[in-house]
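Below is one structure. I have some questions about it.
Both ligands and their constituent atoms are indexed starting at 1 by order of listing.
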Amino acid sequence: MSTVKDSIVQAVDRLGNDLEQLSRRIHGHPELAYQEVKAAGWLCDFLGVQGFKVERGVAGVDTAFRATMETGEGPTIAILCEYDALPAIGHACGHNVIAASGAGAGAALAAVKDQLPKGRIHVIGTPAEEGGGGKVKLIKGGVFKDVDAAMMVHGWDKWIGHQDLLGIVRVGFEFTGKAAHASADPWQGVNALDAVIQTFNNVSMLRQQVRPDARIHGIVTNGGAAPNIIPEVAACLFYVRAPSLEYMWALHKRMIACAQGAATAAGCTLKVTDMEHPYEPMKKNGALLSAFRANWKALGIVESPEIKDRLGSSDIGNVSQVVPAIQPLVKIAPEGTPIHSRDFETAAVAPLAVEGLKGAAKAMAMTVHDLLANPALVKEAKREFDASK
Ligand SMILES: [Zn+2]
Ligand SMILES: [Zn+2]
């Protein structure tokens with residue numbers, strides 16, 4: 001390992017307690033999409049102390065931020081932090097670790113600033129990953145316009161360099177019928193809940209016909225007011241995911257047909273609400289991945305093979321469609337722990353998660369160093385990105 005990389009590793013170890021505290025504080029105050037005021041504030045304060053120039057609120061998003069450090073003309077590399085929590089189960093996606101490791105990577109690079117090759121480093125705070133599409137807003141706001149490569153990590157129960165991500169579109173259905181007493185005058189009513197239930201039945205039939213790597217899942221968001229009233233209004237919300245945008249939109253169309261058929265069967269009217277910001281599939285970048293993997297190897301981290309059937313979605317997918325990007329998975333929980341579970345929430349501040357945080361911060365900082373030291377690597381990443389458009 002080069003002496004600069006040695007210094008990066010030492011800087012992360014030296015900052016270990018601060019980073020753990022930062023991670024714990026965010027975990028202890030879970031904030032939902034676009035309400036991450038405390039988390040964004042703590043991260044900005046931390047990066048400011050490390051010597052970054054901090055912009056609080058970027059692209060019109062109050063809880064986004066951009067911290068910048070420059071050493072001269074050279075590549076611009078972005079490290080992304082997520083810090084939003086989930087409703088009801090807090091930091092069960094471990095975004096506290098993503099945030100602290102991104103800030104830690106930035107801090108380690110600041111610690112070796114004098115020895116850094118020329119370039120610009122952004123640590124970008126990207127809110128609302130769990131629905132809300134923070135990164136989509138930042139892309140539209142031009143935040144990635146001058147970025148040459150981007151990286152972030154995500155917590156998992158294994159170390160894995162690359163995992164595919166599915167595209168996702170969210171679609172809501174609201175059915176309107178007619179209220180009536182459910183016992184005295186049921187024949188006067190038009191049952192909107194029937195349309196919701198029929199939609200689920202239609203989707204269940206559709207499911208047999210979809211490719212195995214697509215995912216359709218939904219919840220009832222309004223099931224009526226009381227059992228003795230024929231539900232006048234009922235609603236449901238579905239997520240539709242697929243490995244390509246084409247297939248995702250094709251399924252979206254069929255989902256709407258399922259709801260239309262259900263509305264017809266129940267005699268209701270249907271309002272379709274397309275949620276904002278579809279998330280795009282992840283575009284793989286071998287050049288960035290190889291550099292990152294070499295650093296994991298140097299740190300003694302042993303990677304598990306890619307998992308083909310545990311597929312999620314993220315707005316890092318959208319970033320990967322506009323600039324070369326990677327999102328390696330970092331082991332922060334015992335093997336077999338599902339994400340979005342209460343066990344994962346507990347694990348996200350346990351000692352294993354602290355190890356994960358440090359391994360992620362070190363490898364990201366080392367990879368940024370590689371990219372600044374070797375602009376040909378940035379060019380190679382871009383060439384690969386352009387070729388796979
Ligand atoms: Zn999540
Ligand atoms: Zn997540």
Side-chain angles (χ1 to χ4, degrees), residues 22-23 26-27 29-36 39-40 43 63-64 79-103 124-138 150-170 215 217-219 237-241 275-282 307 309-320 325-333 336-350 352-353 356-357 359-361 364:
L22 192 53
S23 172
I26 295 170
H27 186 273
H29 296 84
E31 297 168 304
L32 297 179
Y34 296 122
Q35 296 165 30
E36 313 95 330
L43 290 160
T63 55
I79 300 166
L80 312 189
C81 299
E82 291 174 2
Y83 33 83
D84 58 323
L86 288 157
I89 52 173
H91 274 290
C93 209
H95 291 186
N96 55 303
V97 176
I98 303 177
S101 56
I124 301 175
T126 66
E129 186 279 330
E130 298 284 0
K135 294 184 197 66
V136 186
K137 290 192 182 178
L138 299 192
M151 68 184 77
M152 62 172 288
V153 294
H154 198 291
W156 201 249
D157 64 336
K158 289 181 170 76
W159 301 92
I160 300 177
H162 171 83
Q163 180 93 335
D164 284 336
L165 290 173
L166 301 173
I168 180 173
V169 58
R170 303 164 172 86
R215 300 279 192 277
H217 39 104
I219 59 166
L237 175 64
F238 282 89
Y239 289 3
V240 183
R241 309 190 201 225
M275 306 292 156
E276 283 184 302
H277 312 311
Y279 288 3
E280 299 184 354
M282 186 83 189
I307 307 168
D309 61 355
R310 281 176 70 193
L311 296 167
S313 308
S314 167
D315 54 5
I316 185 66
N318 300 58
V319 174
S320 78
I326 52 169
Q327 181 189 239
L329 302 179
V330 174
K331 183 176 169 72
I332 67 166
T337 313
I339 66 166
H340 288 202
S341 68
R342 292 196 186 275
D343 285 346
F344 202 84
E345 195 265 353
T346 307
V349 280
L352 200 56
L357 187 172
M364 282 196 287

Give the name of the N/O/S atom in E130 that lies closest to the Zn ion (ligand 1).
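Relative to the Zn ion (ligand 1), the closest nitrogen, oxygen or sulfur of E130 carries the name OE2.
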State whether Y279 and R241 meet the cation-pi test: NZ (Lys) or CZ (Arg) under 6.0 Å from the six-membered ring centroid, and within 45° of the perpendicular axis.
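Ring-cation test returns no.
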Please give the atom name: the N, O or S atom of H95 nearest to the Zn ion (ligand 2).
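Of the nitrogen, oxygen and sulfur atoms in H95, the Zn ion (ligand 2) lies nearest to NE2.
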What does the angle at the Zn ion (ligand 1) come to, between atom NE2 of H340 and atom SG of C93, rounded to 10°?
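The NE2/SG angle about the Zn ion (ligand 1) sits at 100°.
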Check for a donor-acceptor pair, side chain of N96 on one end and backbone N or O of A85 on the other, with a separation under 3.5 Å.
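No, N96 side chain to A85 backbone: no donor-acceptor pair under 3.5 Å.
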Mark yes or no for whether T126, through its side chain, and C81, through its backbone, hold a donor-acceptor pair below 3.5 Å.
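Such a contact is found between T126 side chain and C81 backbone.
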Using a cut-off of strictly less than 2.8 Å, determine whether E129 has an N/O/S atom near the Zn ion (ligand 1).
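No.
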Donor-acceptor pair between H154 and E82 side chains, under 3.5 angstrom:
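Their side chains do not contain a donor-acceptor pair, so the 3.5 Å distance test is not met.
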